[in-house]
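Just so you know, these numbers use all the heavy atoms, side chains as well, and skip hydrogens, waters and symmetry mates.
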Amino acid sequence: MALFFNTNLLRAPLTFHSIPLSPSKQFPNYSSLSVRCSSTNQQSDEIRDSDQDEPKKKKRLSEQSSWETKDSDGKDYLYRLGAEADNMNIAVGARAGVIDSLFAGNFLGKDSDIVFDYRQKVTRSFQYLQGDYYIAPVFLDKVVCHIVKNYISHVLNAKVPLILGVWGGKGQGKSFQTELIFQAMGIEPVIMSAGELESERAGEPGKLIRERYRTASQVVQNQGKMSVLMINDIDAGLGRFGNTQVTVNNQIVVGTLMNLCDNPTRVSVGQDWREGDITHRIPIIVTGNDFSTMYAPLIRDGRMEKFYWQPTQEDIVNIVCRMYEKDGITKDEVATIVNTFPNQALDFYGAMRSRTYDQSILKWVEDSGGAEDIGRRFLRQRKKGELPVFIPPEQTVEALLESGHSLTKEQMLIMESKLSKEYMKKMDEE
């Protein structure tokens with residue numbers, strides 16, 4: 001509310017005149033209201049006439065304020081901020097012409113992004129994969145062929161499915177074998193899980209998939225590396241089991257993946273379409289256990305190429321042999337172990353080796369002060385570097401077989417006990 005005072009008329013009797021409200025607007029903007037001080041109506045009219053002669057200038061918040069700075073499209077900062085999802089300013093960054101140069105500076109460049117480090121974490125590196133691993137030749141050929149075929153699809157006179165669906169039994173190494181192939185090929189993938197396919201807000205998972213797809217495209221463009229979008233356990237997020245409810249997010253995610261398959265170079269994240277906004281074609285690899293629970297048009301042959309992964313006896317022996325190679329277990333001994341526990345998934349043999357560490361860990365806890373004081377002593381001594389040295393157990397075939405029998409016993413107890421029937425036995429009587 002602006003106040004105008006005539007200092008020469010302070011001694012004169014004051015009368016107040018307010019601008020009448022427009023009949024069409026009962027609640028006008030406060031900037032259009034003013035209170036004027038004058039001694040007579042004539043003086044008030046003169047002041048009003050003089051104001052009309054001078055053009056009104058839009059008042060700026062500050063000469064250094066960036067809130068009213070226009071971008072190349074003529075939009076100010078508030079418009080840009082409102083266009084962002086959830087009005088979060090983290091996606092704007094230090095843009096030249098939007099943020100003051102005083103705050104943007106030149107040491108990060110004219111267009112620095114304040115969340116660049118966070119976005120880089122979306123991609124996956126494989127520094128933790130140290131050692132020599134076995135990759136099944138059939139698995140390798142299928143994944144490599146799908147990736148290369150998508151990258152050269154523009155020179156092929158054939159319809160190339162964008163998605164490769166790797167499915168099969170639990171714990172057969174689908175995700176791990178795929179990551180080994182990424183490491184061997186020098187690929188920097190963007191990896192998602194089924195837990196990201198649902199949200200309390202409708203549309204967020206679908207938008208996230210499109211953003212991750214565009215991030216993989218930026219890896220190709222900016223870093224000169226091949227990239228892949230991988231979604232693990234997709235049937236856990238999109239599958240229909242019994243009477244489970246199909247949410248809006250399930251439908252949007254399925255529709256988003258189908259749209260990517262049909263038009264893989266034009267991907268929107270909810271903003272206006274731009275003619276020059278062409279993304280690279282990024283192959284998609286999804287893993288799951290049962291694709292029959294998913295929406296049929298998504299897994300049709302034109303969009304998804306299916307690959308059922310069931311490792312052979314030779315594949316299992318070779319993979320487990322590499323797993324036990326540092327323990328001094330020979331290939332013949334590995335074959336004996338595998339034959340002793342047939343029809344087991346690959347993760348069973350990893351769990352079997354892990355269980356052999358139990359006695360050594362318990363001895364190490366005892367040497368560290370016992371279970372009663374392990375929390376305080378462990379944190380303090382780890383900080384000071386005073387923890388006792390952990391000595392791993394010596395792996396033998398007998399110890400591995402003992403662990404294997406213990407695991408199979410637990411499996412049988414779960415299958416035979418079925419305590420859920422015990423809890424609800426009264427329902428059968430009724």
Check: Q223 side chain, Q218 main-chain N or O, donor-acceptor pair, under 3.5 Å:
no
For P392, does its backbone N or O pair with a side-chain atom of S360 as donor and acceptor, under 3.5 Å?
no
Of all heavy-atom pairs between F241 and D235, which one has the smallest distance, and what is that distance?
CE1-O, 3.5 Å
Return yes when atom CD of Q310 has more than 12 non-hydrogen atoms of other residues, nucleotides or ligands closer than 6.0 Å, and no otherwise.
yes
S354 side chain vs A351 backbone, donor-acceptor pair below 3.5 Å:
no
Taking atom CD of E198 as the centre, report whether more than 12 heavy atoms of other residues, nucleotides or ligands fall under 6.0 Å from it.
yes
Heavy atoms of I191 and E179 approach each other most closely as CD1-OE2, 3.9 Å
Aromatic plane relationship, F390 with Y357 - under 30° parallel, 30 to 60° tilted, over 60° perpendicular:
parallel
Backbone N or O of N259 within a donor-acceptor pair of the N263 side chain at under 3.5 Å?
no
Test F291 against I234 for side-chain contact (heavy atoms from CB on, under 4.5 Å), laying out the working first.
CA-CA 9 Å; F291 285 172; I234 190 172; 4.0 Å; yes
Smallest heavy-atom separation, T279 atom then R214 atom, equals CG2-NH1, 3.9 Å
Are L400 and Y349 side-chain neighbours, meaning at least one heavy-atom pair lies under 4.5 Å?
no
Centroid-to-centroid, F307 to W167, below 6.0 Å?
no
Between E410 and R355, is there a side-chain N and carboxylate O pair less than 4.0 Å apart?
no
Are any side-chain N or O atoms of K174 and backbone N or O atoms of G169, one a donor and one an acceptor, separated by less than 3.5 Å?
yes
Hey, does P283 have a side-chain heavy atom less than 4.5 Å from the side chain of L164?
no
Ignoring hydrogens and geometry, is there a side-chain-to-backbone donor-acceptor pair from D141 to V138 under 3.5 Å?
no
Stepwise side-chain contact (heavy atoms from CB on, under 4.5 Å) check, T408 with F348
CA-CA 9 Å; T408 54; F348 173 84; 3.8 Å; yes
Identify the two heavy atoms, one from N249 and one from P205, that lie closest to each other, and give their separation to 0.1 Å.
OD1-CD, 3.2 Å
Taking the side chain as C-beta and beyond, is there a heavy-atom pair between I337 and Y324 under 4.5 Å?
yes
Please check if atom CD in E366 has more than 12 non-hydrogen atoms from other residues, nucleotides or ligands closer than 6.0 Å.
no
Between Q172 and P311, is there a donor-acceptor pair closer than 3.5 Å when you use the side chain of the first and the backbone of the second?
no
Would you say N232's side chain and A194's backbone share a donor-acceptor pair under 3.5 angstrom?
no
To the nearest 0.5 Å, atom CG of D262 lies from atom CG of L162 at 9.5 Å
Return yes when atom CD of Q359 has more than 12 non-hydrogen atoms of other residues, nucleotides or ligands closer than 6.0 Å, and no otherwise.
no
Donor-acceptor contact present, side-chain T287 to main-chain D233, <3.5 Å
yes
Hey, is CD1 on I152 packed in by over 12 heavy atoms from elsewhere, all under 6.0 Å?
yes
Let me see the working for I282 and V219 under side-chain contact (heavy atoms from CB on, under 4.5 Å), right down to the final yes or no.
CA-CA 10 Å; I282 301 298; V219 171; over 6 Å; no
N339/T336 under side chain to side chain donor-acceptor pair (under 3.5 Å): CA gap, chis, key distance, verdict:
CA-CA 5 Å; N339 293 329; T336 302; 5.8 Å; no
Roughly how far apart are R303 CZ and L260 CG, rounded to 0.5 Å?
11.0 Å
Are K331 and N318 packed together at the side-chain level, in the sense that at least one heavy-atom pair is separated by less than 4.5 angstrom?
yes
What's the separation between atom OH in Y151 and atom NE2 in H146, rounded to the nearest 0.5 Å?
10.5 Å
Hey, are the side chains of V143 and M185 touching, using non-hydrogen atoms and a 4.5 Å cut-off?
no
Is there a side-chain contact between F182 and M230, using heavy atoms and a 4.5 Å cut-off?
yes
Would you say L257 and V286 make side-chain contact, with heavy atoms under 4.5 Å?
no
Looking only at heavy atoms, the pair that brings E305 and K149 closest together is OE1-NZ, 3.7 Å
Determine whether M352 and Q344 satisfy the following criterion, side-chain contact (heavy atoms from CB on, under 4.5 Å), listing intermediate values before the conclusion.
CA-CA 11 Å; M352 186 170 61; Q344 292 288 350; over 6 Å; no
When you compare the side chains of T312 and D315, does any donor N or O come within less than 3.5 Å of an acceptor on the partner?
yes
What distance separates I209 CD1 from T256 OG1, expressed to the nearest 0.5 Å?
6.0 Å
What distance do L180 atom CG and S175 atom OG have between them, rounded to the nearest 0.5 Å?
11.0 Å
Is there a side-chain contact between Y213 and P264 in this structure, where contact means two heavy atoms from C-beta onward sitting under 4.5 Å apart?
yes
Tell me if the NZ atom of K306 is crowded by more than 12 foreign heavy atoms within 6.0 Å.
yes
Could you measure the distance from the CG atom of L140 to the CD1 atom of I181? Nearest 0.5 Å is fine.
5.0 Å
Do you know which two heavy atoms are closest between P297 and M258, and how far apart they sit?
CB-CE, 4.0 Å
